[in-house]
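Working notes, beginning with the structure itself.
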Amino acid sequence: MMPGILCRSAMNTFQKLRPLTNSKCNSTLIFGIETSCDDTGCAIINEEGNIIAESLKSQNLVHLRNGGIIPDVAQDLHRKYIEPTVTETLLKANLLMKDISAIAVTVKPGLPLSLAVGMKYAKHLARVNAKPIIPIHHMEAHALTVRMEHNVNFPYLVLLISGGHCLLAVVQNINKFLLLGKSIDMAPGELFDKIARRMKLRNVPELSTMCGGQAVETAALRATNPEMFNLPIPLVQVKDCNFSFNGLKTSVLYHLRKKEKEHKVVADALIPEISNLCCAALIATTKHLVHRTQRAMQFCSINNLIPENNKRLVVSGGVACNNYIFNALKAASVDYGYNVYRPSMKLCTDNGIMIAWNGLEKWRKNLDIMTNFNTLDLEATSQLGESLIDQVASAKIKTKIFKFQKAVQ
Ligand code: KG4
Ligand code: ZN
């Protein structure tokens, strides 16, 4: 089915049902559905990329109580929320599913049990209402959302930092990515979530409802001695753009246990140096992210991957909400001539809007619009684009450690 044809028929249906004075009236309306991890998100956007309606049900508090995401629990909650979230979004927009041009849904990568809920529901809606499906790669959506709010043309460099991913890539087009580096173990959001849990930050009333990363950032702001714990920067000797956070986690836990012993901390109590330890973890994580990003900029320059007169770095994913990390990246990027962008906070974390936006960008270019989606399946893991990771390592680029602390604070 050609998008243009569907577009016009959707317009006719829409005009019959709604008064033309309704400013939301538009030929193309994309419905986005996101359920790759622990957020049930839906949104409708129009041809211009304006948000017509959105709805987001977060499972954060349940997972905080459970001490982490239990896939079965996440799936049960997605099942409970998916229909009300879809309905709420349509109601907010004053639209019916038949007014929608296409349904964009995350199919990879993510927790299989979570992905399955959104994908199956999208297929059901598409069948019942005779709509096409646009399958979406979650990380591509994170990488492209910035274009909704900023005039960022291709190509640009992107650093995606979330609870499940950490990667550097060149975005060459809507569906063309060059992967420069990725985490060899855990993601920075996962590190923050794990250390926050072990540090018992939940027991501090103001931090009790925050996700791990936000709790660590907030606690770090109260540090009295940021240099109390000197944590090693990961992979400083390895001349590639990959990331690693496992060693950092071990170091944080080592200092935590030592201090707990020293202060004879029991049960729900926290060590008195908690803010300083959070600050040290945040600084070491930031230095690592900045160091790899600097090398990616050097690699792009050597290989002409980013135009010299228009160098942009986009930071996205939940961890991009962190102001300390974002400001450090901005400060370090000055030397390389890069301007740094990030989507607004609510678009950095998981949401249905970024899925609808990615769907719209594909719709405009007539890419991946599936009218026959019976064989469409989810993928728990899925690389972002073509890997240049070996080429980056072979280039053996020397990268200085940026002294950002003074520049940022
Ligand atoms: O992108 P996202 O919503 O979900 C994934 O795809 O993973 O990111 C969630 C992650 C969590 O690990 C959370 O702790 C982290 O983003 N996060 C932060 C901040 N806000 C959320 N990390 C650091 N600083 C923050 N302010
Ligand atoms: Zn995400």
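Just so we're clear, the structure is a prediction, and the values are computed from it rather than from any experiment. Atoms within a ligand are numbered from 1 in the order they appear, just like the ligands themselves.
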Less than 3.5 Å between some nitrogen or oxygen of [X] and one of ligand 1, yes or no?
X	value
C211	no
D350	yes
G317	no
G318	yes

Do [X] and [Y] have side-chain N/O donor and acceptor atoms under 3.5 Å apart?
X	Y	result
R222	S275	no
E34	T106	yes
T89	E54	no
H138	S36	yes
H63	D193	no
E217	Y324	no

Which of the ligand 1 atoms, numbered from 1, are nearer than 4.0 Å to a heavy atom of [X]:
X	value
S162	1 (O), 5 (C), 6 (O), 7 (O), 8 (O)
H138	6 (O)
F192	22 (N), 23 (C)
T349	3 (O)

* For the pair E88 and K92, find out whether any cationic side-chain nitrogen is under 4.0 Å from an anionic carboxylate oxygen. => yes
* To do: Look at K258 together with E262 and state whether they make a salt bridge at an N to O cut-off of under 4.0 Å.
  => no
* **Identity of the nearest option to atom 10 (C) of ligand 1, non-hydrogen atoms only, from A141, G163, A320, S58** => G163
* Asked: Relative to atom 26 (N) of ligand 1, which among M354, M345, E217 owns the nearest non-hydrogen atom?
  -> E217
* To do: Return yes when H142 approaches ligand 1 closer than 4.0 angstrom through a heavy atom, no otherwise.
  => yes
* Asked: Should G164 be listed as contacting ligand 1, given a heavy-atom distance under 4.0 Å as the test?
  -> yes
* To do: Take H263 and E273, measure what side-chain hydrogen bond (donor to acceptor under 3.5 Å, both in side chains) needs, and give me the verdict at the end.
  => CA-CA 10 Å; H263 297 293; E273 300 86 354; 2.6 Å; yes
* **2.8 Å cut-off met by an N, O or S atom of H165 to the Zn ion (ligand 2)** => no
In [X], which N, O or S atom comes closest to the Zn ion (ligand 2)?
X	answer
H142	NE2
D350	OD1
H138	NE2

* Structure fact -> the protein heavy atom lying closest to atom 14 (O) of ligand 1 turns out to be D193 OD1, 2.7 Å
* Asked: Centroid-to-centroid, H288 to F243, below 6.0 Å?
  -> yes
